[in-house]
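Quick notes on the structure that follows.
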Amino acid sequence: SDKMLAALQANDIQTARQAWIDARAGYERSEIFTIKFPSLDAAIDSWPNSETGFHGIEAKLFTPGAPLPLAETQTLVDKVHTFQRVFNGEPLYAHGVIVGIGGLAFEMGESKAKGGESAVSGTSPNDIQHNLEGIELAWNTVFAPTMEQKNKGVADRVKKEIAESRQMVSVASLEQIDSPALEAKAEMLAGSV
């Protein structure tokens, strides 16, 4: 987000667009943690509200001839820095991670595949792919090793459901995602987790 702001201040739209995409990828991967701070998350990733946060910037940055979203980007940068400070100061518990994984899996299947969260930029499928990357990283880092020892059946089921979900979302456009199948698979994943 800092790079995006610097690019906009330099009137470098292409670099700002790429920085938006890069910042968005990181944020989408971390959404399993944002459940802990809903007011900050709402200001940063306010979908379907296209007035603030990433989507307020997207609406202008990716629309030819629109005014540069300098003020919106500065606000986003401030919120992201606040989020970092608050997040770094709080303990992270496995329970919160598991709730975040389950919640994001439901959201990924229920609304993201249907709604096209980042339609203006064309990165909606990337949002879902990055959400799944965050889910997989959190599962593999926090839970998989223990589950392999304690309940291999659950560990294998979650691993399989993540792989099947990845296959479903590894597409170039949102229209290529079978939304009902992804919704069912994401619900199964959330339940397994």
Side-chain angles (χ1 to χ4, degrees), residues 1-10 15-61 69-112 117-118 121 123 126-150 155 158 162 165 186 189-193:
S1 59
D2 290 330
K3 184 177 180 181
M4 177 175 44
L5 179 59
L8 284 171
Q9 290 168 336
T15 299
R17 286 177 177 167
Q18 187 58 53
W20 184 92
I21 291 168
D22 294 344
R24 184 103 179 110
Y27 197 78
E28 289 297 305
R29 285 184 195 115
S30 70
E31 277 195 304
I32 60 164
F33 306 114
T34 63
I35 192 170
K36 191 171 179 175
F37 308 102
S39 63
L40 281 170
D41 181 45
I44 294 169
D45 189 21
S46 55
W47 186 68
N49 177 357
S50 63
E51 302 297 316
T52 62
F54 277 111
H55 300 297
I57 294 165
E58 177 190 26
K60 293 181 179 178
L61 185 59
L70 281 166
E72 295 89 339
T73 303
Q74 182 63 62
T75 300
L76 175 69
V77 166
D78 293 344
K79 294 293 182 186
V80 168
H81 285 239
T82 298
F83 184 85
Q84 286 175 317
R85 280 191 308 278
V86 170
F87 184 83
N88 287 337
E90 291 288 320
L92 185 61
Y93 298 105
H95 178 263
V97 175
I98 203 92
V99 168
I101 289 172
L104 186 56
F106 273 120
E107 181 183 329
M108 189 177 73
E110 272 186 359
S111 62
K112 290 195 175 200
E117 184 173 356
S118 299
S121 64
T123 63
N126 301 44
D127 288 349
I128 299 168
Q129 293 160 5
H130 296 309
N131 285 156
L132 189 57
E133 290 167 4
I135 288 170
E136 185 173 23
L137 179 62
W139 175 260
N140 289 341
T141 302
V142 180
F143 302 105
T146 301
M147 288 308 296
E148 282 289 330
Q149 295 174 1
K150 303 250 181 208
V158 171
I162 288 173
S165 297
L189 174 59
S192 294
V193 169

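Predicted model only: the values in this text are computed from it and were never measured.
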Given side chain to side chain contact (heavy atoms under 4.5 Å, CB included), test Thr34 with Phe83 step by step and report yes or no. CA-CA 9 Å; Thr34 63; Phe83 184 85; 3.8 Å; yes

Using 0.5 Å steps for rounding, measure from the CG atom of Asp78 to the CG atom of Leu5. 8.5 Å

Stepwise side chain to side chain contact (heavy atoms under 4.5 Å, CB included) check, Phe143 with Val158: CA-CA 10 Å; Phe143 302 105; Val158 171; over 6 Å; no

CD1 of Ile135 to CG of Asn140, rounded to nearest 0.5 Å, is 11.5 Å

Student check: side-chain heavy atoms of Gln18 and Thr15 closer than 4.5 Å: no

Salt bridge (Lys or Arg N to Asp or Glu O under 4.0 Å): which pairs involve residues 29-41, sequence neighbours left out? Arg29-Glu133, Glu31-Lys112

Does Glu72 reach the side chain of Leu61, with side-chain heavy atoms less than 4.5 Å apart? no

How are the rings of Phe54 and Tyr27 set to each other: parallel, tilted or perpendicular (split at 30° and 60°)? tilted

Are Met4 and Leu76 packed together at the side-chain level, in the sense that at least one heavy-atom pair is separated by less than 4.5 angstrom? yes

Check step by step if side chain to side chain contact (heavy atoms under 4.5 Å, CB included) holds for Asp45 and Glu28. CA-CA 9 Å; Asp45 189 21; Glu28 289 297 305; 3.4 Å; yes

Does the side chain of Arg24 come under 3.5 Å of the side chain of Ser118 through a donor N or O and an acceptor N or O? yes

In the structure I gave you, are the side-chain heavy atoms of Phe106 and Leu189 within less than 4.5 Å of one another anywhere? no

Would you sort out whether Thr75 and Thr52 count as a side chain to side chain contact (heavy atoms under 4.5 Å, CB included), showing the intermediate values? CA-CA 8 Å; Thr75 300; Thr52 62; over 6 Å; no

